[in-house]
Amino acid sequence: MLPDLSADLTARLREAFRTAGYDADGVVDVLGPQAHAALGRGEPEAARRATRDAGAVGSLIRLFLLGDTEPESAVRAALPDVDLDTAVKAEVLRGSGDGLRAGLDIRPYGDDEGSWWVIADQDSEQRGGPVPTDHVLGVGHASISLARATSRRPVGTLLDLGTGCGVQALHASRHAGRITATDLSERALALAAGTFRINEVDVELRQGEWFGPLRGRRFDQVVCNPPFVVGPPRVDYVYRDSGLAGDDASALVVRQMPSFLNEGGVGQLLASWLHRKGEDWAERVSGWLPRGGVDAWFVQRDVADPALYVGTWLRDAGVDPRSEEGRAKASAWLDWFEENDVEGVGFGFVTLRRTDAAHAEVVCEDLRHAFDDPLGPESAAWLDRVAWLRATDNAQLLATRFTVPETVLLEEVSSPTDEGWEAVVRRLHRVDGPGWQQELDETAAKLLAGFRGALPLEDLITLLAYAHDLDADALARAALPIVRDLVRHGMVVPA
């Protein structure tokens, strides 16, 4: 039996939430920064205390965010126009002794432009035990990470492949003219439909496996948070397990996504990949791409060892790794890793662009250090820079005037010598976006010192060669690939 989140019920819930102030800002206002941070860490008591005298919004916070049982009178006061029997039948609420508890996770979630409500299943802590196989995950670290890594430039059509509870489609509503969302799970589609109704967002829903419901269609943008957990070919939880072995789910999406993009269309997804003994991860993931016609940027954010990986995902589902069930699942999982020479599991973001260019750009790089800025603007800018570099031959590059952005600094590490301090490391550091860093030798650092937009690259090379008695042609051959790489990373820009 699927929850019936009808238009009437969601409209009544929306009105009650708006009246009470149960939105992203309202929750923070009631809890305050300390209690809100504690709730995010899974420590609810401070939040519970903060809601004692908060009226209707306090009741809603305790009900839907803390998982508490509330007296029926308090629930009626917080949801005055909602028929409670209808809400129970729709799984929004459930009886609990003399009161009522939330049956679904309905929480405010916002961006810089406003607030939404997301309807999902309760996690293992709220349920008090492991989640069922058809569990529909709510707003989590992965969905937030993908949202922050997604380009937000206006597009006509967008596909949210594997929508789950609908988080990516909500973000897409800010910049896409028409949105299509798919999922294999009937329950996910039912909850996503509720999410879209309560937020008055128009989304076309399709049920089916992977790209199956979309044959013959193309989109300007595709986003996907797939079931990317790697391991044996089984499905314990549909929100994370694909039933495909290893990293085949990520490979399938990367391989098929370009054929569902319009020319120039962009696809972005979270993905995982195996690190196997004797194999370069970059060669592995670039091998997933179709031949030609696709610019691709693979960004590896983390690599987990097998034991840590298995323990993390067991706990995510509410399974104690020390229990009999946990030990059995961990043993089978680790056996599979060992049999397949898996030394680690990489995780990161993939950006694809369909292109008719003769030479597509494929780059795989590590980005494991911490940074604060969202990656979405950088992914869009990366594609722009790649297109500019492709259209600019070496002669044109030499004729270009460059500048170094104010957000790029040159760091030097020096060691003491008999003559004073001597630089041993020169590192260019971009302090915005993903915080790229690149080491330079002394000659390259001197060349970049002339990037002030006044002289073309060729003249700067000639002057530098003359000043240091270097061969200008040899210096140009050495400088061109360095400049291209710095342009690709936004560390130097055309004036």
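Excluded from the calculations below are hydrogen atoms, water molecules and symmetry mates; all remaining heavy atoms, backbone and side chain alike, are included. Numbering of residues begins at 1 and proceeds along the displayed sequence.
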Asp134: what forms a side chain to side chain contact (heavy atoms under 4.5 Å, CB included) with it, not counting sequence neighbours?
Pro132, Arg187

Quick one, Tyr22 and Val27 - any side-chain contact, counting heavy atoms below 4.5 Å?
yes

Pair Gln268, Trp297 - check side chain to side chain contact (heavy atoms under 4.5 Å, CB included), show working.
CA-CA 10 Å; Gln268 296 181 283; Trp297 188 33; over 6 Å; no

Evaluate salt bridge (charged side-chain N to carboxylate O under 4.0 Å, His left out) for Arg152 paired with Asp111, printing each intermediate quantity in order.
CA-CA 12 Å; Arg152 297 297 168 199; Asp111 63 3; over 6 Å; no

Quick one: are His175 and Leu158 in side-chain contact, heavy atoms under 4.5 Å?
yes

Test your reading of the model: is there a side-chain donor-acceptor pair from Asp373 to the backbone of Gly433, 3.5 Å cut-off?
yes

Taking Gln437's backbone N and O only, do any of them form a donor-acceptor pair with His429's side chain (distance below 3.5 Å, no angle check)?
no

Could you please spell out the steps behind the side-chain hydrogen bond (donor to acceptor under 3.5 Å, both in side chains) verdict for Thr86 and Asp83?
CA-CA 5 Å; Thr86 299; Asp83 182 81; 2.8 Å; yes

Atom CZ of residue position Arg174 - does it have more than 12 heavy atoms of other residues, nucleotides or ligands inside 6.0 Å?
yes

Would you please name every residue forming a salt bridge (Lys or Arg N to Asp or Glu O under 4.0 Å) with Arg276, sequence neighbours left out?
none

Donor-acceptor pair, distance only, cut-off 3.5 Å: does the side chain of Arg255 make one with the backbone of Pro290?
no

side-chain hydrogen bond (donor to acceptor under 3.5 Å, both in side chains) evaluation trace for Asp247 with Ser250:
CA-CA 6 Å; Asp247 50 16; Ser250 295; over 6 Å; no

Could you list all the salt bridge (Lys or Arg N to Asp or Glu O under 4.0 Å) pairs where at least one residue sits in residues 36-61, not counting sequence neighbours?
Arg41-Glu43, Glu45-Arg48, Glu45-Arg49, Arg48-Asp68

Over 60° means perpendicular and under 30° means parallel, so tell me whether Trp117 and Phe17 are parallel, tilted or perpendicular.
tilted

Checking side chain to side chain contact (heavy atoms under 4.5 Å, CB included) for the pair Leu214/Thr182: CA distance, chi angles, key distance, verdict?
CA-CA 9 Å; Leu214 305 161; Thr182 70; 3.9 Å; yes

Would you list the pairs meeting ring-ring contact (aromatic ring centres under 6.0 Å, His included) in which at least one residue belongs to residues 176-211, sequence neighbours left out?
Phe211-Phe260

Would you compute the distance between atom CG of Leu191 and atom OG1 of Thr163 and round it to the nearest 0.5 angstrom?
11.0 Å

Provide the full list of salt bridge (Lys or Arg N to Asp or Glu O under 4.0 Å) pairs with a residue in residues 203-212, sequence neighbours left out, each pair given once.
Glu204-Arg206, Glu204-Arg217

Leu66 side chain reached by Leu39 side chain, heavy atoms, under 4.5 Å:
yes

Do Ser272 and Val229 have side-chain heavy atoms sitting under 4.5 Å apart?
no

Going by the angle between their ring planes, with limits at 30° and 60°, are Trp288 and Phe298 parallel, tilted or perpendicular?
perpendicular

Assess the residue pair Leu63 and Leu93 against the criterion (side chain to side chain contact (heavy atoms under 4.5 Å, CB included)); give the C-alpha distance rounded to whole Å, side-chain angles, the decisive distance to 0.1 Å, and a yes or no.
CA-CA 9 Å; Leu63 193 67; Leu93 301 172; 3.7 Å; yes

Residue set satisfying side chain to side chain contact (heavy atoms under 4.5 Å, CB included) with His369, at least two apart, ordered chain then number -> Leu367, Phe371

Under a 3.5 Å distance rule, please check whether Arg197 uses its side chain to pair with a backbone N or O of Leu5 as donor and acceptor.
yes

Taking Ala188's backbone N and O only, do any of them form a donor-acceptor pair with Asp183's side chain (distance below 3.5 Å, no angle check)?
no

pair Arg354-Leu352: side-chain heavy atoms closer than 4.5 Å:
no

For Val345, is there any backbone N or O sitting under 3.5 Å from a side-chain donor or acceptor partner on Trp281?
no

Closest contact, heavy atoms only, Ala20 versus Leu60
CB-CD1, 3.8 Å

Quick one: do Thr150 and Gln168 satisfy side-chain hydrogen bond (donor to acceptor under 3.5 Å, both in side chains)? Show the steps, please.
CA-CA 9 Å; Thr150 299; Gln168 305 308 317; 4.5 Å; no

Under a 4.0 Å threshold between the charged nitrogen and the carboxylate oxygen, would Arg390 count as salt-bridged to Glu361?
no

Is there any salt bridge (Lys or Arg N to Asp or Glu O under 4.0 Å) pair reaching into residues 3-12, and which pairs are they, with sequence neighbours excluded?
Asp8-Arg12

Pairs touching residues 142-172 that satisfy ring-ring contact (aromatic ring centres under 6.0 Å, His included), sequence neighbours left out
Tyr109-His171, Trp116-His171

Would you give the length of the straight line joining atom CG of Leu383 to atom CZ of Arg353, rounded to the nearest 0.5 angstrom?
4.5 Å

Could you list the residues that satisfy side chain to side chain contact (heavy atoms under 4.5 Å, CB included) with Glu343, not counting sequence neighbours?
Lys277

If you apply the rule side-chain hydrogen bond (donor to acceptor under 3.5 Å, both in side chains), what do you find for Gln300 with Asp366, and how did you get there?
CA-CA 5 Å; Gln300 182 165 255; Asp366 275 294; 2.7 Å; yes

Here the gap from Leu31 atom CG to Ile61 atom CD1, rounded to the nearest 0.5 Å, amounts to 4.5 Å

Are the side chain of Thr51 and the backbone N or O of Ala54 linked by a donor-acceptor pair below 3.5 Å?
no

If only atom types and distance count, is the side chain of Thr157 paired as donor or acceptor with the main-chain N or O of Asp220 below 3.5 Å?
yes

When you look at CD of Glu365, are more than 12 heavy atoms from neighbouring residues, nucleotides or ligands closer to it than 6.0 Å?
yes

For Arg385, which residues count as a side chain to side chain contact (heavy atoms under 4.5 Å, CB included) partner, sequence neighbours excluded?
Glu378, Ala381, Trp382, Arg430

Quick one: pull up CG in Leu79 and CG in Leu84 and give me the separation to the nearest 0.5 Å.
7.0 Å

Can you run down the ring-ring contact (aromatic ring centres under 6.0 Å, His included) pairs that involve residues 132-167, sequence neighbours left out, and say none if there aren't any?
His135-Tyr239

Can you run down the salt bridge (Lys or Arg N to Asp or Glu O under 4.0 Å) pairs that involve residues 18-33, sequence neighbours left out, and say none if there aren't any?
Arg18-Glu200

Sidechain-backbone polar pair: Thr19 side chain, Glu15 backbone, donor-acceptor under 3.5 Å:
yes

Answer yes or no: are there more than 12 heavy-atom neighbours, outside Glu263 itself, under 6.0 Å from its atom CD?
yes

Supply the atom-to-atom distance Ile119 CD1 to Leu13 CG, rounded to the nearest 0.5 angstrom.
7.0 Å

Return the OG1 to CG distance between Thr351 and Asp295, rounded to the nearest 0.5 Å.
10.5 Å

Taking Thr69 for its side chain and Gly99 for its backbone only, find out whether a donor-acceptor pair lies under 3.5 Å.
no

